[in-house]
Protein chains: 2
Amino acid sequence: MKKNKVISPFKPAAHKHQECLQAAIKAAKTHCEDMGLRLTPLRQRVLELVWQNHEPVKAYDVLDELKQGHSSSAPPTVYRALDFLQDQGLVHKIESLNAYVGCGNPKELHSGQFFICHDCGSVAELDDADISGLIQKKANRFGFKIDNEMVEIKGHCQECLESGI
Amino acid sequence: MKKNKVISPFKPAAHKHQECLQAAIKAAKTHCEDMGLRLTPLRQRVLELVWQNHEPVKAYDVLDELKQGHSSSAPPTVYRALDFLQDQGLVHKIESLNAYVGCGNPKELHSGQFFICHDCGSVAELDDADISGLIQKKANRFGFKIDNEMVEIKGHCQECLESGI
DNA sequence: ATAGTTAATGTTACATTATAACATAACATA
DNA sequence: TATGTTATGTTATAATGTAACATTAACTAT
């Protein structure tokens with residue numbers, strides 16, 4: 001098992017997003033089956049909507065799109081589905097944006113470290129054991145027991161820097 | 001200059017909060033004078049309210065208290081003051097809580113790393129160059145230029161663990 | 001001193017994000 | 001099929017945050 005992974009790079013080079021999305025849905029299905037949980041059509045649809053691109057998506061934007069095919073949707077519809085997906089590690093919430101991104105790595109529950117480009121809006125997720133480990137070490141020094149870590153880094157991705165926006 | 005500081009420890013042992021608050025206000029005054037900025041009575045009052053304890057405070061709670069002596073207060077009153085104080089590094093926003101904490105270290109603009117106890121609600125701020133440096137190093141690997149880092153760690157502080165809540 | 005300028009605050013209205021509470025429907029299984 | 005559990009529907013409202021414009025206070029340069 002690699003310890004430090006780039007879960008999701010910036011603007012994955014020349015990737016066919018349809019396949020990317022399919023893979024995520026498939027991983028989610030497998031994960032839920034393994035866990036004895038139900039990836040209902042509603043939950044799957046919300047997951048697909050979050051996965052439409054590699055940018056964080058707002059709950060109410062998901063809601064608007066969800067309504068197109070599912071007129072009974074209301075805020076709780078979306079928030080419940082997002083809660084479920086978050087609990088399973090299938091999406092992460094970006095706290096500093098009040099927005100959600102898909103995660104293709106539901107296997108091990110993790111928090112992840114997010115790098116958010118101000119220019120293009122896209123997000124890269126790392127799951128870096130060095131960062132987690134260092135934070136853990138620092139916490140140990142004053143007897144703090146970690147439940148959950150949130151690391152969100154804002155700045156400019158290489159591609160945007162190079163294109164000189 | 002020390003590189004790794006505990007800006008604000010958990011439940012500062014046997015501290016007289018009145019003095020703690022006074023020191024923060026004084027530091028704020030000095031900082032604003034140095035910068036040629038106005039720590040108006042309103043801004044100072046908001047800073048005092050945020051500093052009432054070492055826990056994150058909600059904007060609307062500040063508003064409620066502010067209204068007691070300043071009946072014309074409305075949401076923009078508080079958010080403007082908080083924006084000013086954040087810009088000056090006098091308070092930090094804890095994004096994962098939508099809440100604000102005072103910072104006694106306005107000198108150097110910094111992001112800080114926050115350790116938040118689920119049990120007692122208090123927050124410790126580190127300004128740890130090792131953590132920042134490591135994040136910086138990881139970012140460099142994929143050409144990401146950091147503007148701002150947010151590190152918010154949730155868990156249980158030593159005191160609460162020991163008291164076995 | 002005072003007119004012009006900028007910064008700060010007042011005020012109203014509204015936008016965005018999220019949850020409570022209870023009703024109904026779908027599913028699981030004895 | 002009766003029964004409990006999980007998921008969804010529905011209404012209402014809470015919590016968080018901002019836009020836009022009016023007014024007041026403070027600063028600046030004559």
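Proteins get letters first, then strands, A, B, ... in listed order; numbering begins at 1 in each.
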Which whole-number value in Å describes the distance from [X] [atom1] to [N] [atom2]?
X	N	atom1	atom2	value
Leu39(B)	dT9(C)	CG	C1'	15 Å
Met35(B)	dA7(C)	CE	C1'	17 Å
Gln88(B)	dA7(C)	CD	P	14 Å
Asp64(A)	dA15(C)	CG	P	14 Å
Leu37(A)	dT5(D)	CG	P	17 Å
Leu66(B)	dT9(C)	CG	P	11 Å
Leu63(B)	dT9(C)	CG	P	15 Å
Leu42(B)	dA25(D)	CG	C1'	13 Å

Mind checking whether [X] and [Y] have side chains closer than 4.5 Å, heavy atoms only?
X	Y	answer
Val151(A)	Ile135(A)	yes
Leu47(A)	Val62(A)	no
Glu152(B)	Ile94(B)	yes

- Query: If you find the nucleotide of DNA chain D closest to Phe84(A) and the one closest to Ala74(A), which residue's nucleotide is nearer the 5' end?
  - Reply: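 It is Phe84(A), whose closest nucleotide lies nearer the 5' terminus.
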- What's the shortest heavy-atom distance between Val50(B) and Tyr100(B), and which atoms?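 Shortest heavy-atom separation between Val50(B) and Tyr100(B) comes out as CG1-O, 3.9 Å.
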- Message: Can you give me the closest heavy-atom contact between Lys138(A) and Asp130(B), atom names plus distance?
- Response: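 Heavy atoms of Lys138(A) and Asp130(B) come nearest at NZ-OD2, 2.6 Å.
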So if I take every side-chain heavy atom of [X] and compare against [options], which nucleotide ends up nearest?
X	options	value
Arg38(A)	dG17(D), dA7(D), dT10(D)	dA7(D)
Pro76(A)	dT19(C), dA18(C), dG9(D)	dT19(C)
Asn98(A)	dT11(C), dA18(C), dG9(D)	dA18(C)

[N], OP1 or OP2 - any side-chain N/O from [X] closer than 4.0 Å?
X	N	result
Lys58(A)	dT16(C)	no
Ser73(A)	dG9(D)	no
Ser72(B)	dT9(C)	no
Tyr79(A)	dT19(C)	no
His70(A)	dT8(D)	no
Lys93(B)	dT16(D)	no
Tyr60(A)	dT17(C)	no

- Query: Between Trp51(A) and His54(A), how do the two ring planes meet: parallel, tilted or perpendicular, split at 30° and 60°?
  - Reply: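 Perpendicular, since the angle between the ring planes exceeds 60°.
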- Message: Both distances below 3.5 Å, Watson-Crick or wobble geometry, any strand: find the nucleotide opposite dA30(C).
- Response: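 In the structure as shown, dA30(C) has dT1(D) as its Watson-Crick or wobble partner.
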- Under 3.5 Å on both distances, the Watson-Crick or G-U partner of dA7(C):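 Paired with dA7(C), as far as the under-3.5 Å criterion goes, is dT24(D).
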- With nearest nucleotides of DNA chain C determined for Arg43(B) and Pro75(B) from heavy-atom distances, which residue corresponds to the more 5′ nucleotide?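 Whichever sits nearer the 5' end wins; that is Arg43(B).
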- Query: Which is true for Arg80(B) with a 4.0 Å heavy-atom rule: it touches a base, it touches only sugar-phosphate, or it touches nothing?
  - Reply: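 Here Arg80(B) touches the bases of the nucleic acid.
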